[in-house]
Structures are given as C-alpha cells and as structure tokens.
Amino acid sequence: MRPLLFEIGSTGRRGTSLPALEFPRKEVSSFLPFHLLRKNPPELPEVSELDVVRHYTSLSKKNFSVDANFYPLGSCTMKYNPKVNEDVVKQIGFLNLHPYQEEETVQGVLELLYNLEKILCEIVGVDEFCLQPAAGAQGEFTGLLIMHAYHSDRGNPRKKILVPDSSHGTNPASAALCGYEVIQVKSNARGRVDLDELRRLLDQNVAGMMLTNPNTLGLFEDEVSEIAKLVHEVEGLLYYDGANLNPLLGMARPGDMGFDIVHLNTHKTFSTPHGGGGPGAGPVGVKKFLSKYLPTPRIVQEKELFRIKHDFPKSVGKLTAFYGNTGVLLRAYAYIRSLGREGLLRTGQHAILNANYLLKGLKTFYEVAYPEMCMHEFVLTATRQKEKGVRALDIAKRLIDFGIHPPTIYFPLIVPEAMMIEPTETESRQTLDHFIEVMKTIAKEVEENPTLFRQAPMSAPVRRLDEVWAARHPVLKWEKKKRDEIPVASYSA
Amino acid sequence: MDYISNTPEDEKIMLDRISLRRMEDICQPIPEALRLKHFRVPSGLSELELKRLFLEKAKKNWNTAEHPSYLGAGSYDHFIPSVVEHIVGRSDFYTSYTPYQAEASQGMLQAIFEYQTMIAELTGLDVSNASLYDGASSSAEAVLMALSIQEGRRKVLVSKTVHPSYRRVIKTYLSAQSVELLEIPYDPLDGRTDLKALETLLVNDVACCVVQNPNFFGGIEEMAKIAEKLHAKGILLISVVYPISLGLLAPPGEYGADIACGEGQSLGNRSLFGGPYLGFFASRKEFVRKMPGRIVGQTHDEKGKRGFVLTLQTREQHIRREKATSNICTNEGLCALTTSVYLATLGKSGVQEIADQNLQKSHYLSQRISKLHGYRLRFRAPFFNEFVIETQKGTSLLEKRLHQRGILGPLPLQEFYPELKGCLLFCVTETRTKGELDELVKVLGL
C-alpha cells in the first residue's frame, strides 16, 4: 500500500503559500490571552504540492468507480454521472455564493432551485417540495417529523410506524429517531407486503407506513393502491422511500399511488455523483394538506423576485444550517433538464430493460429469489453455491478480480446469501453480456474449484481484509510516537 | 439528451431476449390504472442549451470572488489552493460510492483514515468519524450521542451564542423526543456565555451542554472554565468549533471537551450557497461505540499487508436498523476528501499561518472601524476573525451604500437576535486585501 501522508514529507515542507500581510503584524498576545491558545501545533502532514498530487493520484487508482468499472450495486443506482452537470455548476456564479447574501444578489440560483422544486413535483406527483435535507436518510427523518407534526395537530402523535421486512435499514432507524416504535410487516410469498398481515397490524396508533416501490427485491408493489387505502382508513399516512424511483420515471408517480410524503435521492435517480459516500441530497415532497409542515426556509416567488421566506409557524424546523446541498441539487436540475420528458421516460424504460436482460442471462447459473419480471433490480441467492462452500461474499470478492464492482450483498435481509443487482439504464448491452459471461465463469469456478474463492480477490491492491480484527482492535487514526512542545503563539509569519 | 448507450437495434435484441414485443410493454409490472398518461415536463435540452441556461442564471448572482465579502456566520470565504479541486475532481473518487467492498475501495478508505487522523489532530480528541452532513446536523447528532451516553438524563443545555440555525436544527432533531432543551443566556457586555447563569442551570439530570467556540458573535469562550463546571456535575461538553481557528486556538481536547463537532466547509470547500458542506465529528475514545456515522479502521490482509475497512458497523442502520446510533447512511465523503487534501496542502505551518492572518486582518479592520464616529465594538470579549459592530447609522442605509459599491456587507443581527438592533457581524478572512479593508472603512465613514 501507499504510505500514509504522515509517513512522507519532511519538516518545514509545505504545499502552498499565502500573500504576505500588507501591514505590520502584531504579536498574538496583543489580541488574545495566552490561556486561550493552542499549546502544541497540530501534527498535520508536511508535504509539497507534488507530494500531495502523487499521493492522491496513487490512491485514486486503488478505487473502483462508475467511470472505470461496471458498478451494479443494488439499490444504489450507480448510473453514469454526466460531465456537463459538473461543468455547469462549477462556475463562480454558483461556487462562490454565500448563503446569507441579500436575495437580490442570488436571484439566479434561487430561480433554478425554485424550478427544481416545481419539476420534482411533476415527476413524482405531489404538490410541494423542500430541497433542504442533505441525503435520503435525512429526508426520511424530515418526512417522519412531518407525519409526527400532522398527527400531533390532530390531537395524537400516535406511536407506531410500519415498515416492510424488506425495507432499507434507514427506514426503521429514521422512525426510531422520531420516537416511533417500529413494526415490521412480513412479505408474502410473492415478495410483496402481505395485506392480511398489514390489516392485522393497522390501528389508530399507527402514524403511517414507509414503503419503497419498487421494493428492494426489485418488484413492483402491485397492491399499492390497496395498501394506501388500508393505511388511509386508519387515518395513517403513506411514506414513499424514493431510493428506487429510477424505473418509474415518466411511467408512474408515487403521488398517484396514494403516497402522501416522498423523499428522493438525487445521487441515485438524478445522477449526481456518489462521491465515495456523499454528498447526496434528499428533497422531500408532500401533498398539499401537509405543505405547511415542510422545513423552513422556503423559496417563494413574489412578483418578479424570488425570496427566502422563514415565517412558517407550523414548519417542523430545520435540518441543515442553510438551504441544503445546493451544489448537488443544481446538478440534479441540470440532469432533469437535459433528459426532459422523453429522456426521463427512456431512462425508466431502459433501467427495467437492462435489469430484466441481466436477470434472464443469469438465472440459469444462479437461483433467483423471486423469479418473475423485475423492475430496476433483482436479487439472486447464492444458495446453490453455498452448498459448495462458496458464499455471496466470496462471489463478491471474486468479481473484483474481473474488474467489476460487486453487487449489494446480504441485503435485503429476508433473502439468504442475497446478491442484489442493479445495472442502471446507462450500461450498454455489451457490458451486460460481459457481466453475464463473468458470472457464468464464476459459477463454473464454484463447481470446479471452490477453494479458489478463499483467496479472492487476488488482483486488488490488498487481499481479503480482516474486518473482525479491525472491529476488535479499533485503530482509527495514525499515531506518531513522540511530539515536541512548541507553543503556537510563538509562531511568526 | 439522455445517456442511454443502447441503440434501437440493441433494444430490439434485448426485448426479444426477455420475450417482450415493444418497449411500451416494459411497464407490465405496473398495474394499468397507475400508469402515467400525461407527463408535463419540458423536452430535453442539448448540452449547449443547458450550458447557456446555467451561465445566464450564474451571471445573475453576485459571487464572492468578484465582490469583496464580509459575511461569515458559519460559511467562510477562504483561499482554496488549485491542487484541492484537481484532486477531488478525479472521477475515480467522485464516481465511487460508500466503500462497502474494502478491497475495491482502498483509495477512498485510506483517504478517509487520513481525514480522521487530521480531524483528531486538529480537535485534540481521540477519534473522528468519516463525516456527517454539516455543522448544524453534526451538533444535533452530538446531542443525541450525549443523551445516549448519559442514559436517564433528559435535559440539554445550549448556549445562546451557538449559531441560531444550529440551535434550530438541534431543536428539530429533538422535537419528537421527550427531552428538555434549555438555553443559556449570554453576557450582554461580553457577548459570551453567561457563566453565572450557566451555574444555575447545572442540575443533575442535564446530559450535555453545547457551546460554540469562537461563538456566533466571534467571541472566544472560556471553554476550560465551562468544562470544569460541567464535569463537576457529570455533564458532557459538546464543543462546536470553527476548524480554521484551531491553527491558533486551544483545541477541544485540550480544554476537556467530550465531543467536538462543527462545520468543515472552511477547510477547502466552496461556500456554494450553503452546501454541500461536511459536519466533522470527534470524541473521546470511550464513546466510540456510540458514535454516529461511518468510521474507517486500519487492519491487514491475510498476508499481513496494511489495509483499511469500514469498521464498528454494528452501530449502523444497515445492520442494527431501529437500534442504530443514528439513521445516517450517505455522508459527505467527497467533502471529507476535499478537507484532507486541503489540510495536507496547507500542512502544519500553513494552518497556523492562515489562522494568524485571519486574526491579524480582522483586528486591523475592527480597530479601524471602531475609531470611526458612530461605530463601536459591541462586545469586549477577545475574538478570532468575526466581530460585532454596533452603529447608530441605520443598518439598512449602510447595506444600501455597500450594495451600491458592489460589496457584500456584514450580516445584520437583528433578525437572529431582536435585542441586537443596529448590530452587524463582520468576518474577515485571509482573502481580503488591505486595499479592500481600507475601502470598506472609507465607505462606512461617509
């Protein structure tokens, strides 16, 4: 492996310079008493600009990415991130805007964000959107706070949230953060919400239900209208987890299915780069009767002027310090405007087409958890391979040797040895054929040489890493053995 | 323009393979009644049209590269060396995702491990996570973590000198929980947390106390004294810090903070109208299993070679579901990478020099303004790079005058603190020149 930044460089070396002060410098002690100052300077790297460039360039080569690899990571929608979206946002007219500038000086950005809200309303079929939540999980939390506020206004916040047993882990975690008891609804033999079970669980203490559609098995919840009816009968609300919105684009809308609250993941559906784990954005949309609860501030249009309005007494409050992840949201808007009506529809269609084409090509070699037409993704189960001693994890690691990012594994939790595969619409038929060939080769290796898998991956910068050791002996930072005691206040420029 | 690679010919072959006749049949799994009839989104734009649209809107905004800005208050205009954005723009980083598969993600994992080391070093605390959303939400997560550590204690103290938006976010995060949130007033002359008032609030069931340093008014709090008072009652100190100041000011670990968090934007990230930013988060090591968010740990492969993995994952939602320490999943990986490249480039001496220049320039300006007729420093506490000026001139008149000269003036405080009528929060970073500062003084003196 590459040495750590702290292990290279030498004393006094630095990677940048500042202009000299244009007036006489005064001693720090003339401004600040000594006890407020740092005693030891922070032990940061001492490297040149070239050291920095070589270091990070080397690291970047030890990373799979959409730009370099097929990345069928289920439920994460790792589609191609168009370059023009980077270019249109990376201009000083957006990059260098302070969030507290006067409204007159930020009309351009306010207009784009306002229009993004409007276009999202049309795409998902709701009445109002708020862009503030910084990621999907924060969007979920916001949506549940809205639910909580709505029920509280009606006299009883209620106690329970229903989530399917196939739901994303963030659903129960967000509900718990909102003080709700989480009740799991079992899936039926078809991999959908079991309506009998749902009827049994619904009562006046249920605040609402969170649902992903298509669900995490890649199946459309075809009884969603009935689910909405049942939840609404007990005056609960239906929440849409937007992680899997991609295959519905232009074809169906959560708002029309009876969902009251929706969150989206711009880094999934709307192609904003995943950034090695963020930043994302998790806009939240609601039906009219809930709009007064949306987070504050809101962008409103008054005559020709876009304004940032704070005064919403029923609002659930604030989730981030300012207006959310503007840079990410602008990329999402650029993407939506590029695609337009036809492109959005084609995106949804090709997401489904690609997934079904893969499913068809793979089902001879692997068991399919729910063998029927899927939406944007499907789940394989490595039960046949497990009999040979090869687990989903081993297959995942072996895929790395073929230059393919592994699928999501061991999720959803209701499928043993799950491998969840989402190709996305941007991959070509040739890439999909290649993946099928690789998976076929791997299936054959399982039959012929199962012990090989214990060594996989063999071509990565490291062999299989010991995760158990890491958790038992946490080493969470690099540590220097000794340090000198030099008061920072003695520093002179 | 869409980004679909398959041609109509591919489409035909593929449809055939899955036994569908036409593309329209692809929506088969969706019940007929739910299929969309009218989709009212405009037609797509070509790349050239899109660029024109965004350029036109960008031009309508005043940017801080061309308009000298005196705005701070949680988002700062600092110098960003070119190398930072070149590195972060490498798509091997920005088009990857959460490093679940460690062997295919060693680059990002090592970069985050180095980030954690730098944050621990800057804050003087034992462990850092891989980042949260922003300063405000990381403060709220810190409060939740403290409540979980201090089981049974259900009161939370927050100083009124903490950023008003952060206080609002903390309130929002706690709104569905049975927790009492109490605000500590500030000393009206000093502009810092009122220590006498604090003492009266230190009752037994207080879990934690949130103090910002430098505080919202720029004042440097007596953190060591506060820590001592809190710890005597078993209360945890959450210190919300401005990381640029840590090149100079005592770090949270030195004065006994239990958790340090804050806004990492100032470390190499653009102001970008409020985001994406990153919340950094560090604590004492005994609390690590209660920490929210991803954490990268060092380990080794079967040949003994060093490597890095996401670790202590049993805290997290994808494993623990409703029992997780937080609901966070996607964090701000790329912004954390930005921060590490920035800190590496500045290095040990650079962070000290930046902090020193901020101190020097803000004091140069504050001394000159407070000599003007009709202006005075509102608070007498020592400050870092932000300070409050009170004026009798009428803030809207001043705003107008600065606006006419293309200057992004200071932040009027009345909206946040009704009692601070006529008060303006100035921020001066290393990016302001002496010429700009002198010009500002001239305009204020008119």
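Computed from a predicted structure; not experimentally measured. The sequence lines fix the lettering, A, B, ..., with proteins before strands; numbering per chain opens at 1.
Taking H300(B) as the reference, W469(A) meet the ring-ring contact (aromatic ring centres under 6.0 Å, His included) condition, with sequence neighbours excluded. Looking at residues two or more places apart in sequence or on another chain, you find no salt bridge (charged side-chain N to carboxylate O under 4.0 Å, His left out) involving E46(A).
Side-chain contact, N63(A) with S60(A): no donor N or O sits under 3.5 Å from an acceptor N or O. In this structure, a donor-acceptor pair under 3.5 Å is absent between the side chains of S128(B) and Q116(B). No hydrogens or angles considered: nothing links the side chains of E263(B) and H163(B) as a donor-acceptor pair under 3.5 Å.
Heavy atoms closer than 4.5 Å to chain B are found in the side chain of D87(A), but not in its backbone. If you measure heavy-atom distances from L411(B) to chain A, the contacts under 4.5 Å come from the side chain alone. Both the backbone and the side chain of Q138(A) have a heavy atom closer than 4.5 Å to some heavy atom of chain B. Only the side chain of L344(A) comes within contact range of chain B, judged by heavy atoms closer than 4.5 Å. Of the two parts of P157(A), neither the backbone nor the side chain holds a non-hydrogen atom closer than 4.5 Å to a non-hydrogen atom of chain B. Only the side chain of Y71(A) comes within contact range of chain B, judged by heavy atoms closer than 4.5 Å. Looking at R13(A), there are no atoms closer than 4.5 Å to chain B (heavy atoms on both sides), in backbone or side chain. Residue A334(A) touches chain B through both its backbone and its side chain, counting heavy-atom pairs closer than 4.5 Å. Looking at P461(A), both its backbone and its side chain come within 4.5 Å of chain B, counting heavy atoms on both sides. With a 4.5 Å cut-off on non-hydrogen atoms, L112(A) touches chain B through its side chain but not through its backbone. Interface remark: E254(B) contributes side-chain atoms only to the contact with chain A (heavy atom separation under 4.5 Å). Using a 4.5 Å cut-off between heavy atoms, L246(B) contacts chain A through both its backbone and its side chain. Looking at V351(B), only its side chain comes within 4.5 Å of chain A, counting heavy atoms on both sides. If you measure heavy-atom distances from E122(A) to chain B, the contacts under 4.5 Å come from both the backbone and the side chain. Of the two parts of H350(A), the backbone and the side chain both hold a non-hydrogen atom closer than 4.5 Å to a non-hydrogen atom of chain B. With a 4.5 Å cut-off on non-hydrogen atoms, Q313(B) touches chain A through its side chain but not through its backbone. In this structure, chain A has a heavy atom under 4.5 Å from the side chain of A120(B), while its backbone stays farther away. Both the backbone and the side chain of H98(A) come within contact range of chain B, judged by heavy atoms closer than 4.5 Å. The contact between Y80(A) and chain B is made entirely by side chain atoms (from C-beta outward), counting heavy-atom distances below 4.5 Å. Looking at L330(A), the atoms closer than 4.5 Å to chain B (heavy atoms on both sides) sit in the backbone and in the side chain alike. With a threshold of 4.5 angstrom between heavy atoms, Y166(B) approaches chain A through side-chain atoms but not through N, CA, C or O.
Looking at K477(A) and V127(B), their side chains never come closer than 4.5 Å, going by heavy atoms from C-beta outward. For the pair V28(A)/D356(B), a side-chain contact is recorded, criterion being any heavy-atom separation below 4.5 Å from C-beta on.
Y180(A) has its ring centre less than 6.0 Å from the ring centre of H148(A). Two rings, from Y100(A) and F322(A), have their centers less than 6.0 Å apart.
Using bins of under 30°, 30° to 60° and over 60° for the plane-to-plane angle, the ring pair Y97(B)/H274(A) lands in the perpendicular bin. Note: F23(A) and Y364(B) have parallel aromatic rings, judged against thresholds of 30 and 60 degrees for the angle between ring planes. Ring geometry for W62(B) against H403(B) counts as parallel: the plane angle stays under 30°, on a 0 to 90° scale with 60° as the upper cut.
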*Decide side-chain hydrogen bond (donor to acceptor under 3.5 Å, both in side chains) for H55(A) and E114(B); before the verdict, give the C-alpha distance in whole Å, the side-chain angles of both, and the deciding distance to 0.1 Å.*
CA-CA 12 Å; H55(A) 179 74; E114(B) 291 170 341; 2.9 Å; yes

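No more than 12 heavy atoms of other residues, nucleotides or ligands lie within 6.0 Å of NZ in K171(B), so this atom counts as exposed by the packing criterion.
Ranked by non-hydrogen atom pairs under 4.5 Å with chain B, the options M257(A), E467(A), E111(A) are led by E111(A). Note on A176(A), P474(A), G250(A): by heavy-atom pairs under 4.5 Å with chain B, the leading option is G250(A). Most heavy-atom pairs under 4.5 Å with chain B: of the set N81(A), T170(A), I123(A), I352(A), this distinction falls to T170(A). Per-residue counts of heavy-atom pairs under 4.5 Å with chain B were compared for R337(A), E425(A), H267(A); the largest is that of R337(A). Contact tally against chain B (heavy-atom pairs below 4.5 Å) for A252(A), G276(A), S428(A): the top residue is G276(A). For chain B, the option among V316(A), L219(A), I336(A), T408(A) with the highest count of heavy-atom pairs below 4.5 Å is V316(A).
Electrostatic pairing of K348(B) and E43(A) counts as a salt bridge here, judged by a charged N lying under 4.0 Å from a carboxylate O. Taking a cutoff of 4.0 Å between a charged side-chain nitrogen and a carboxylate oxygen, E103(B) and R464(A) do not qualify as a salt bridge.
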